[in-house]
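The block underneath contains the structure these notes are about, expressed in structure tokens.
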Amino acid sequence: MKCLLRNQDTDFGRSYRFSSILSIVDYQNQVPICDYASLNPWIQEMAEGTQDILFAGKTVAFELTSGSTSAQKLIPYSVESLGDFRRALWPWLISLPQRFGINSGTAYWAISPATRRPRETTGGISIGLPDSAYLGPDLSEFFLQVSAVPFWVADVQEFEQWQLATLYFLVCSSELSLISVWSPTFLSMLLDALVERKSQLEQALINGLRIHRYELVADPAARQRLKVYYQTRNPKKLWPNLKLISCWADASSRPYYQDLKSRFDKVQFQPKGLMSTEAVLTVPDFRNRTLLTPQSGFYEFIDEDGKIHLAHELHVGREYQVILTTAGGLYRYRSGDRVRCHDYVSTLPQLEFIGRTQTSDLAGEKLNEAFVNLCLDGIKGFCMLLPLKDNPGYCLLLDEADDCSNICEHVEQALCRNPHYAYARKLGQLQPLKILKLDNPTRFYLNQTLQRGARLGDIKLPSLCLDASLFTDHLQRAV
């Protein structure tokens, strides 16, 4: 709520009489709950360079949301909102060495390729921020010193070159002790590429390689470890000191998280909290419980009856939509995230991310991602549901390499637990569930999303993809 005092003399603050707000009740009465479309006209003015619109002073930068379930959005950052990110992240980051016994070695903090060329708004404000902006100068300097992969790799714009450089440095880092990525598929993709690019990687370790003005030198010891890895497929042969992998583990990321755990025997895993472009909602504590972080903003929660609760008013076992207020100019903003309250630790709720709130509604069925996650639970390998609008119905996207027997019937029965879906199927308003098998659909989805401007490390594979146009060229093969 402190941002209201600071932002009284802004266009938004004057419009909603921030100067007269003396309590949370005042704030809730005077400022309506909003979505991105409501804020977009204000954000466009900021993008043109106008100051004092949503928050006081200049806009530091904009960042694009990942766009996994909807169109990408420009999110503005202020000096204060970046500071709030750091205050939320620092306690978690600083606790990692003691919590997991990491006393030495190197760390890999996911570095995405610069597939997005530098962009600015019409007002000359940068779109996109380096990781160092979130960490701050002190932590950035520390991570620079211990990073297994040099930061310059983020400047490589060609995906194949970025991937080869990343693999080279990871293989050469025998003292790797920590891997922190967002999506588990990001790391799985790199492990798969170790095999797919075996010849090129071995040649780089034998003869060296030049990438992006940098010389990668030969490393016979790394090549020998890699040979043993190819024989055993045991990552411990590459990284004997690896102690921790941190990544998303909830909602649609759960099956990919479980798959990743099966690849790393005797390595500890820590599920990441709910950290989005807009704000940091939860971070894991010393027992890996994802607790609300009050440093990043002011939060409200809407239950399924539409009643609004504050953080101390949540009921254990209930599900809620998240409403954010941040120093970055988001006021009572529907984040699109759904969470379940598991418990309270002292005064802080323990929250599990269960999916996005966006729904697919072709014939009144209103499927949301949390429900689809339950329908797809237990299915191994890639699995994604697509709404088909031209001939209303749904398509289940699978990997052609996986055993798909009886999956269609299983998922159709699960979807029919939604009475509106079952009724629409009975009336013929929705067609029977179809199946489409693709060769490596994970890579296909990542490539399509990258082409739309997302950062590789930020992309989450949704269980319910509302944009079936990503697969238009293949949907005619669905059966």
Side-chain angles (χ1 to χ4, degrees), residues 1-4 16 21 23-39 65 69-70 73 75 81 84-85 87-89 92 248-254 271-285 289-359 366-374 460 462 464:
M1 295 293 289
K2 61 183 180 182
C3 62
L4 301 182
Y16 290 95
I21 294 176
S23 67
I24 291 175
V25 173
D26 290 344
Y27 179 52
Q28 292 174 326
N29 287 336
Q30 291 178 213
V31 181
I33 293 173
C34 70
D35 55 19
Y36 187 81
S38 303
L39 293 179
T65 58
T69 56
S70 60
K73 308 176 183 72
I75 302 298
S81 65
D84 287 344
F85 262 94
R87 281 184 285 275
L89 292 176
W92 164 57
W248 287 324
D250 296 327
S252 62
S253 294
R254 190 182 306 279
K272 267 190 168 62
L274 180 47
M275 308 175 192
S276 65
T277 308
E278 293 87 348
V280 180
L281 182 72
T282 65
V283 292
D285 72 350
R289 298 170 298 190
T290 47
L291 305 183
L292 180 72
T293 172
Q295 299 95 329
S296 187
F298 171 70
Y299 301 101
E300 300 167 86
F301 302 85
I302 302 179
D303 65 21
E304 295 190 0
D305 297 324
K307 184 178 179 181
I308 298 174
H309 304 260
L310 299 181
H312 66 282
E313 299 171 334
L314 305 184
H315 297 278
V316 173
R318 295 284 298 272
E319 297 177 6
Y320 301 90
Q321 297 182 39
V322 179
I323 306 298
L324 304 172
T325 293
T326 73
L330 305 181
Y331 302 102
R332 308 199 74 201
Y333 174 79
R334 290 183 184 269
S335 72
D337 296 318
R338 291 179 63 87
V339 297
R340 180 183 295 114
C341 179
H342 276 289
D343 201 355
Y344 273 86
V345 178
S346 186
T347 60
L348 296 177
Q350 178 186 348
L351 303 174
E352 175 195 1
F353 172 63
I354 60 173
R356 300 285 290 167
T357 60
Q358 286 95 337
T359 60
K366 292 183 173 60
L367 300 184
N368 62 46
E369 190 179 46
F371 174 72
V372 172
N373 285 333
L374 294 175
K460 181 180 294 183
L464 176 63

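Residue numbers start at 1 and run along the sequence shown. Note that these values count all heavy atoms, side chains included, but never hydrogens, waters or copies made by symmetry.
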Subject >> Under 3.5 Å donor-acceptor, Asp250 side chain and Ser253 backbone >> reply: no

**OP:** Kindly indicate whether the side chain of Phe298, heavy atoms from C-beta on, has any atom under 4.5 Å from the side chain of Ile24.
**Re:** yes

Subject >> Distance-only polar pair, side chains of Tyr333 and Thr326, donor-acceptor under 3.5 Å >> reply: no

Subject >> Distance in Å, Gln30 CD paired with Tyr16 OH, rounded so as to fall on 0.5 Å steps >> reply: 11.0 Å

Original post:
When rounded to the nearest 0.5 angstrom, what distance separates CG in Leu274 from OG1 in Thr293?
Top reply: 11.5 Å

Original post:
Is a side-chain donor or acceptor of Gln350 paired with a backbone partner of Tyr344 at a separation under 3.5 angstrom?
Top reply: no

Subject >> Interatomic distance, Asn373 atom CG to Arg338 atom CZ [nearest 0.5 angstrom] >> reply: 11.0 Å

Original post:
Leu351 and side chain to side chain contact (heavy atoms under 4.5 Å, CB included): which partner among Tyr299, Phe301, Tyr320?
Top reply: Phe301

Subject >> Arg356/Glu369 salt bridge by N-O under 4.0 Å criterion >> reply: no

Original post:
OG/Ser335 to CG/Leu281 distance, rounded to the nearest 0.5 angstrom?
Top reply: 7.0 Å

**OP:** Look up atom CD in Glu319 and atom OG1 in Thr357, then write down how far apart they are to the nearest 0.5 Å.
**Re:** 12.0 Å

Original post:
Side chains of Glu304 and Gln321: is there a donor and an acceptor less than 3.5 Å apart?
Top reply: no

Subject >> N/O donor-acceptor pair under 3.5 Å between Arg289 side chain and Asp343 backbone >> reply: no

Subject >> Distance-minimising heavy-atom pair for Glu278 and Thr65 >> reply: OE2-CG2, 3.6 Å

**OP:** Compare every heavy atom of Phe85 with every heavy atom of Thr277, then report the nearest pair and how far apart it is.
**Re:** O-CZ, 3.6 Å

Original post:
Between atom OG of Ser23 and atom CD1 of Ile21, what is the distance when rounded to the nearest 0.5 Å?
Top reply: 8.5 Å

**OP:** Tell me, please, which residues at least two apart from Asp305 pass side-chain contact (heavy atoms from CB on, under 4.5 Å).
**Re:** Asp303, Arg318

Original post:
Got Trp248 and Phe353 here, is their nearest side-chain heavy-atom distance under 4.5 Å?
Top reply: no

Original post:
Can you list the residues that meet the side-chain contact (heavy atoms from CB on, under 4.5 Å) rule with Ile33, with sequence neighbours excluded?
Top reply: Ile302, Ile308, Ile323, Arg332, Arg334

Original post:
Which pair of non-hydrogen atoms, one from Gly355 and one from Ala251, has the smallest distance, and what is that distance?
Top reply: N-CB, 3.8 Å

**OP:** Go through the side-chain N and O atoms of Glu352 and His342 and say whether any donor and acceptor fall under 3.5 Å apart.
**Re:** yes

**OP:** Give a yes or no answer on whether the side chain of Glu313 reaches the backbone of Leu310 with a donor-acceptor pair at less than 3.5 Å.
**Re:** yes

Original post:
Sub-3.5 Å donor-acceptor pair from the side chain of Ser346 to the main-chain atoms of Leu348, do we have one?
Top reply: no

Original post:
Ignoring hydrogens and geometry, is there a side-chain-to-backbone donor-acceptor pair from Thr282 to Thr290 under 3.5 Å?
Top reply: no

Original post:
Hey, are Ser81 and Asp84 close enough side-chain-wise for a donor-acceptor pair under 3.5 Å?
Top reply: no

Subject >> Distance-minimising heavy-atom pair for Pro462 and Ser252 >> reply: CA-OG, 3.8 Å

Subject >> Full working for side-chain contact (heavy atoms from CB on, under 4.5 Å) between Leu324 and Tyr331 >> reply: CA-CA 7 Å; Leu324 304 172; Tyr331 302 102; over 6 Å; no

**OP:** For residues Pro284 and Met275, report the shortest heavy-atom separation together with the two atoms involved.
**Re:** CD-CE, 4.4 Å

Original post:
Can you name the closest pair of heavy atoms from Gln295 and Ala88 and give their distance?
Top reply: CB-N, 4.2 Å

